[in-house]
Amino acid sequence: MEHLLSIKDLHASINGKEILKGFSLDMKAGEVHAIMGPNGSGKSTLSKVLAGREEYEVTSGTVIYKGENLLEMSPEERAHQGIFMAFQYPVELPGVNNTYFMQASLNAIRKARGEPELNSLNFMKLVRTKLKALEMDENLLKRSVNTGFSGGEMKRNEILQMTLLEPTLSILDETDSGLDIDALKMVSKGVNSLRSPERSMLVITHYQRLLDYIQPDYVHVLSGGRIIRSGDKSLALELEEKGYGWLQQEAAA
Amino acid sequence: MDAAEQQLAELAKAGYEAGFVSNIESETVPPGLDESVIRYISARKNEPEFMLEWRLEAYQKWLAMEEPDWAHLKYTKIDYQSISYFSAPKSAADAPKSLDEVDPELLRVYEKLGIPLEEQKMLAGVAVDAVFDSVSVATTFRKQLAEAGVIFCSISEAMREHPELIKKYLGTVVPQTDNFFAALNAAVFTDGTFVYIPENTRCPMELSTYFRINERNTGQFERTLIIADKGSYVSYLEGCTAPQRDENQLHAAVVELIALEDAYIKYSTVQNWYPGDENGKGGIYNFVTKRGVCAGDRSRISWTQVETGSSITWKYPSCVLKGDDSIGEFYSVAVTRGAQQADTGTKMFHIGKNTTSTIVSKGISADRGQNAYRGLVRMNKGAENGRNHTQCDSLLIGDKCGAHTFPYIEVANPTAKVEHEATTSKIGEDQLFYCRQRGLSEEDAVSMIVNGFCKEVFNELPMEFAVEARKLLAISLEGAVG
């Protein structure tokens, strides 16, 4: 089977400092991959490069998504192609109504795909269903995007958007950070509801805990800007027990 | 005479007026200002004697005044002797013959705003024979207004038809000598709008100069006087979202509002005069004096403005809260980009007891635009329990623009409460990236963020105006990022 996403020997830097140093990864449709690693290993850089943040300069390597050169696409084109990133730090948009934002987002994507746009009535129906599934407060719809949201509310709002947009490739950038156990369960429930043979997920996390709820097919350890070890779920458990040190030493040796 | 006949008569009259206008085309006064010019203007307008005296008095005082230089604005000094103070309507010979001759950039903006073709011609100053549609629309509206007892006409007409109202109210809110530009306006204003709403009358429609066909070419010195009698209500819309062609560089308008007991005046402006080229060359200088007095108890005056045009904006729509329990409001969005400069804000004078004022100012600067908020809140000695809340926010786009805030607060009554909140933020790469990651184009993202920023002000605009203002803002800031 052809890969949904194929990253080969990717080098990327910000402000002249190289962060990713030969990162490679292949993902098939339907797979869930977890990327784990210590602080500063390049986890966030990876998610931002994949989503198209322009400050990051890709100096070499290739990223092929659905058979096309992802690096040539603008951030919005990537979104139209089904790439979604749940932000580690979602951004406040004061005065921009949350419902309006989500409707504009969904319709921009539908339009780009040549699908009919949803009117407000139908959109409200849709968003209410999703909201209910995530056991979220409807109040969230009336507020400005992420403005004054608690950490947990922000993360749930990200997952709400994710379930609305039904992306082909979801990148979860440390979605578990700052979440209490109840919120973590809820977020995981939302993510799991999207799992299907067509959809893939890249779950970036610092802790094993999240992987108790979102079961990955593969676990990769990122260190010094490249993958130093890949395995299955058991690798994550091993990491929790031993920390990252032993792997880094192994890699250095 | 039945309605149809009357309409015909009105049409015929309108035709005559147009004819009259073309007669005076050749009589443009040469540049320069002295008493004879003022006498000429007054005579041309068949004004009553008292008006001529009033103008001459203003002129004498203006001569002794100095152009103010305290504003945060930089521009080449205006040569008042190089301006022609009675410019007849632009001759058809100079006007573009068709839309093909109009600046394509302007047409692109009209297109984006969704303006019908006929209207585009009118706005671009294309010589058209007659706009019969708007004539008949205007006639119908005039009839409806007359039935309600509302007077809505040009100020020259009001001087001839309603001299008692003019005598009683003109210059009572903005005196002839109020400031340099107001004095100049008092001396040489050529036309403007007059509105009178009778007691306990709710004006049956939103009044807009757009429907006043004789409003065109009122020129650079416009004067507006609106009187809302006891218990009445009026919403007045000024300006147009479409960029208007205008040959006059200096605009010095005066607007006076008077709200008597329990009256409510809502005055909304969208200003989009030509801002000049990227260096501000050729742009309009807009020096406007706008003030309203809440003369009666429980009266209310609300100013809402969206300022996106002109190269220089100098404008402080103010409220004098004389009546007890009266309310003054100011909601403003000012956008400066390119080389545009704006020094705008408001003054709230609390005189009566339990008076309340609200100020919401949103300044947006992009490119090299400079945006200053200048506001005064004064609680007089007698302003028992006066309340003011000021919210003053600035949004910066890029790193070459500037936002400045000059709030003045004077409190002479210990029971008064004044609050001032101010924020400055920058449209961040983070915000744009977030929106784009969700599939929105950069243009839509900027528009969404800016509209969110201005939401509290747009909420105050009449529905139709608000929709247009949103579009206008998006167009004004097109390409401002990146």
Side-chain angles (χ1 to χ4, degrees), chain A residues 47-56 73-98 100-113 115 117 143-147 154 157-158 160-162 164-165 167 169-171 173, chain B residues 306 331-333 335 360-364 391-399 421-461 466-467 469-471 473-474 477 481-482:
Chain A
S47 65
K48 281 166 187 156
V49 167
L50 292 179
R53 182 85 198 224
E54 277 144 3
E55 280 148 25
Y56 292 85
M73 296 182 204
S74 68
E76 55 269 36
E77 281 167 346
R78 299 179 197 208
H80 302 160
Q81 292 297 322
I83 292 184
F84 177 92
M85 174 163 115
F87 282 60
Q88 183 180 5
Y89 304 109
V91 181
E92 294 190 4
L93 302 174
V96 179
N97 176 271
N98 203 20
Y100 175 73
F101 177 74
M102 288 190 285
Q103 190 183 351
S105 161
L106 180 63
N107 280 338
I109 292 171
R110 291 179 71 104
K111 202 174 157 191
R113 293 177 183 164
E115 295 166 15
E117 296 180 34
R143 291 162 64 182
S144 295
V145 180
N146 295 324
T147 310
M154 280 193 189
N157 199 41
E158 292 293 288
L160 174 64
Q161 293 179 48
M162 180 175 157
L164 269 172
L165 301 178
L169 174 64
S170 303
I171 303 160
D173 189 4
Chain B
V306 177
Y331 301 98
S332 167
V333 167
V335 181
V360 179
S361 164
K362 305 278 180 177
I364 301 164
Q391 168 101 32
C392 182
D393 300 326
S394 307
L395 186 70
L396 305 173
I397 303 174
D399 53 11
E421 273 181 59
T423 66
T424 302
S425 53
K426 210 175 153 187
I427 286 201
E429 287 297 324
D430 285 340
Q431 286 177 319
L432 285 176
F433 180 64
Y434 188 74
C435 294
R436 295 177 72 190
Q437 208 303 303
R438 297 302 186 252
L440 300 167
S441 67
E442 184 166 278
E443 202 176 304
D444 288 345
V446 170
S447 159
M448 193 180 265
I449 293 165
V450 170
N451 276 303
F453 175 74
C454 299
K455 192 172 162 189
E456 291 153 278
V457 175
F458 287 167
N459 282 348
E460 297 298 323
L461 285 172
V467 173
R470 277 191 196 106
K471 277 197 229 164
L473 212 61
L477 291 169
V481 179

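The chains referred to below are lettered A, B, ... by the order of the sequence lines, with proteins before strands, and numbering in each begins at 1. Only a predicted model underlies this, so the values are computations on that prediction, with no experimental measurement involved.
In terms of the side-chain contact (heavy atoms from CB on, under 4.5 Å) criterion, residue partners of Ala108(A) (sequence neighbours excluded) are, by chain and number, Leu440(B). For Phe433(B), the ring-ring contact (aromatic ring centres under 6.0 Å, His included) partners at least two apart in sequence or on another chain are Phe87(A).
With a 4.5 angstrom heavy-atom cutoff, Ala104(A) touches chain B via backbone and side-chain atoms both.
Nearest heavy atom pair, residue Ile449(B) against residue Leu93(A), reads CG1-CD2, 4.1 Å.
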Show me the donor-acceptor pairs under 3.5 Å between chain B and chain A.
{"unit_1": "Asp430(B)", "atom_1": "OD1", "unit_2": "Arg53(A)", "atom_2": "NH1", "d": "2.8"}
{"unit_1": "Asp430(B)", "atom_1": "OD1", "unit_2": "Arg53(A)", "atom_2": "NH2", "d": "3.1"}
{"unit_1": "Gln431(B)", "atom_1": "NE2", "unit_2": "Glu92(A)", "atom_2": "O", "d": "3.1"}
{"unit_1": "Tyr434(B)", "atom_1": "OH", "unit_2": "Asn146(A)", "atom_2": "ND2", "d": "3.3"}
{"unit_1": "Tyr434(B)", "atom_1": "OH", "unit_2": "Glu158(A)", "atom_2": "OE2", "d": "2.4"}
{"unit_1": "Tyr434(B)", "atom_1": "OH", "unit_2": "Gln161(A)", "atom_2": "NE2", "d": "3.1"}
{"unit_1": "Arg436(B)", "atom_1": "NE", "unit_2": "Glu76(A)", "atom_2": "OE1", "d": "2.6"}
{"unit_1": "Arg436(B)", "atom_1": "NH2", "unit_2": "Glu76(A)", "atom_2": "OE1", "d": "3.0"}
{"unit_1": "Gln437(B)", "atom_1": "OE1", "unit_2": "Met85(A)", "atom_2": "N", "d": "3.1"}
{"unit_1": "Gln437(B)", "atom_1": "NE2", "unit_2": "Ile83(A)", "atom_2": "O", "d": "3.1"}
{"unit_1": "Arg438(B)", "atom_1": "O", "unit_2": "Ser105(A)", "atom_2": "OG", "d": "2.8"}
{"unit_1": "Arg438(B)", "atom_1": "NE", "unit_2": "Gln161(A)", "atom_2": "OE1", "d": "2.5"}
{"unit_1": "Arg438(B)", "atom_1": "NH1", "unit_2": "Met85(A)", "atom_2": "O", "d": "2.8"}
{"unit_1": "Arg438(B)", "atom_1": "NH2", "unit_2": "Met85(A)", "atom_2": "O", "d": "3.3"}
{"unit_1": "Arg438(B)", "atom_1": "NH2", "unit_2": "Glu158(A)", "atom_2": "OE1", "d": "2.6"}
{"unit_1": "Arg438(B)", "atom_1": "NH2", "unit_2": "Glu158(A)", "atom_2": "OE2", "d": "3.4"}
{"unit_1": "Gly439(B)", "atom_1": "O", "unit_2": "His80(A)", "atom_2": "NE2", "d": "2.8"}

